[in-house]
Amino acid sequence: MTLTIATSIDDVLAAMANGARPIAGGTDLVVGARQGKVTMPTDLVAIDRVTELATVSKDGDSIRIGAGVTHAQLLTNDVVVNELTSVADAAALVGSPATRNVGTIGGNVMNGSPAMDTGAPLMVLGASAELQTSSGSREVTLADLWTGPSQTSANTDELCTALVIPQPAPSSGSAYIRLEYRRAMEIAVVGAAAALTLDGDSISSVRVALTAVAPTIIEVDGLDSLVGAPANDETFEAIAAAAREQARPISDLRASDRYRRHTIGVMARRAAHAASVRASGQIVPVPVNRAFGVGENPENIR
Amino acid sequence: MSTNEQAVTLEVNGIAYPVQVPMDSNLSGVLRNTVGLTGTKEGCDDCECGACMVLLDGQPVNSCSYLAVQAEGRAITTVEGLADGDELHALQRNILAAGGVQCGFCTPGMLMSARALLDRTPNPTDDEIRIGLSGNLCRCTGYAKIIAAVRETAVQL
């Protein structure tokens, strides 16, 4: 086994061309290997000191989040908090301060867990993963990237270098909310993200994606019929109904399939409501779960 | 030297330790068994309990789930690095005085998370203290006395 500490993307791609696998904070890989759930790759390339992977930048009409940006950085980045607020909601819920310090958005996305917190927000914001090899790069939509639990369509020599997100339109807002049984070191029982644009009091676009109710993060289909509808309780209930309908949950230690199917509707409704409040220009503090979440009064908005 | 071992220099509490470690060793194991600093505890070995918390370049990290070889070139701070000789750090004095130590197993990790919190947020609210310590489990004290100790330290420092 070898570990190379890289300081540039070129170093990483050269190592990966020779069969090395990337490691950032190791919060999925090392834990998984110690539990015997995954095999530790023979050759690793540490990417956590590649500073060019760890920036958030605006590039024309898109916002680019480097794959090496940690959850802690997402929480303190003004562009993410103000314009991609649901991603900040999600980052705030991940693990603990220690997990957020070393865990990265690229690691979260490429680990491919159906319960990942940053996945649904990225999907509703229309993010693509930028995948690079030593011979070129391509962008893959998240729907095409995630093929199953812990499975992606990326080749083994491809490094995720960034998540590329279209600049949200004016009067847009997004939110991610999850059902959790405790406030730290928790994994989503179910979760939902919504991104919504308002034209006056009515909805001009809406996307909703669901966490931990299918083999991958999934987007709710058929919401185009809500364009032009008012951003009110009736519309949010229609979103909840679509989420319940399209969820394909399993039963496990944390929840039964029936409970997940019911609560995914609650999360989708609250996420859409919070996103609409943000789209209207009001501030709902990050993370939504604390201001607007389970067991809290939804009127608690400032 | 086995091909699965690597010579690395780990900087722990300001001292450089040249060590030979298996590539897949976790940092907590190397700190305890090779460097010989047993203040850092291994609890769950699953990134959940926080007993293994150390600071890497000032940031709290679960050392059970961090590869030792990946820590080369980073400043590692363990609980042994808190006190100044025989003089306990204010956090250590206050957690003792408040009754925030019972079995003591979580204490090193709690202290390291608290230290990082106070370095970053010198006057934390109770909510910020709770979030700062949210990756550290204690099964004895019920947390209230630990939080009181951190609050008292913030006032003193």
Side-chain angles (χ1 to χ4, degrees), chain A residues 1-7 20-50 70-73 75-76 92-103 107 180 182-187 285-287 289-291, chain B residues 2-6 8 21-29 42 44-74 109 112-117 119-121 124 127-137 143:
Chain A
M1 190 182 156
T2 65
L3 180 135
T4 308
I5 293 178
T7 54
R21 301 292 296 147
I23 180 170
T27 54
D28 286 311
L29 179 64
V30 180
V31 173
R34 294 190 69 77
Q35 291 179 343
K37 287 181 183 168
V38 297
T39 307
M40 186 66 89
T42 309
D43 297 305
L44 288 171
V45 54
I47 61 173
D48 57 313
R49 288 176 225 197
V50 181
T70 64
H71 296 98
Q73 284 175 279
L75 276 176
T76 52
L93 301 179
V94 170
S96 68
T99 326
R100 295 193 287 270
N101 281 333
V102 294
E180 55 186 11
R182 56 185 184 211
R183 285 193 167 196
M185 305 311 299
E186 177 63 309
I187 179 171
V286 169
N289 266 51
R290 304 291 175 261
Chain B
S2 147
T3 51
N4 282 330
E5 292 198 348
Q6 187 164 321
V8 292
V21 295
M23 295 295 307
D24 59 354
S25 292
N26 55 1
L27 180 57
S28 54
E42 276 191 12
C44 65
D45 196 7
D46 191 23
C47 228
E48 299 273 359
C49 78
C52 64
M53 200 72 70
V54 302
L55 307 187
L56 273 191
D57 291 342
Q59 298 290 333
V61 168
N62 287 303
S63 62
C64 73
S65 307
Y66 200 85
L67 292 178
V69 289
Q70 206 180 343
E72 185 164 39
R74 303 252 191 227
M112 300 321 287
S113 286
R115 165 73 189 273
L117 169 72
D119 284 350
R120 192 172 62 246
T121 314
D127 219 32
E128 286 171 325
I129 296 173
R130 287 175 188 278
I131 292 170
L133 300 182
S134 61
N136 295 82
L137 297 183
Y143 301 100

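Letters A, B, ... mirror the listed sequences (proteins, then strands); counts begin at 1.
Note on A/T99, A/L44, A/V102, A/V31: by heavy-atom pairs under 4.5 Å with chain B, the leading option is A/V31. Of the listed residues (B/I131, B/D24, B/N26), the one with the most heavy-atom contacts under 4.5 Å to chain A is B/N26. For the set B/D46, B/V61, B/V69, the count of heavy-atom pairs under 4.5 angstrom toward chain A peaks at B/D46.
Separation of atoms CD (B/Q59) and CZ (A/R100) is listed at 11.5 Å; rounding is to 0.5 Å. Atom CD of A/E186 is separated from atom OG of B/S134 by 12.0 Å, given to the nearest 0.5 angstrom. Going from atom CG of A/N101 over to atom CG of B/N62 covers 10.0 Å, rounded to the nearest 0.5 Å. Between B/R74 atom CZ and A/R49 atom CZ the span is 4.0 Å, to the nearest 0.5 Å. Here B/C44 contributes atom SG and A/R34 contributes atom CZ; the two are 10.5 Å apart, rounded to the nearest 0.5 Å.
A pairwise comparison of heavy atoms in A/A98 and B/M53 identifies CB-SD, 3.5 Å as the closest pair. A pairwise comparison of heavy atoms in B/Y66 and A/D48 identifies OH-OD2, 3.5 Å as the closest pair. Nearest approach of B/G132 to A/P97, heavy atoms of both residues: O-CG, 3.9 Å. Here the shortest heavy-atom pairing between B/E48 and A/R182 reads OE1-NH2, 4.1 Å.
For B/C49, no part lies under 4.5 angstrom from a heavy atom of chain A. Residue A/I5 touches chain B through its side chain alone, counting heavy-atom pairs closer than 4.5 Å. Neither the backbone nor the side chain of B/L133 comes within less than 4.5 Å of any heavy atom in chain A. There is no contact between B/N136 and chain A, counting heavy-atom distances below 4.5 Å.
Between A/M40 and B/L67 there is a side-chain heavy-atom pair separated by less than 4.5 Å.
Looking at B/Q70, its side chain does come within 3.5 Å of a backbone N or O of A/A24 through a donor-acceptor pair.
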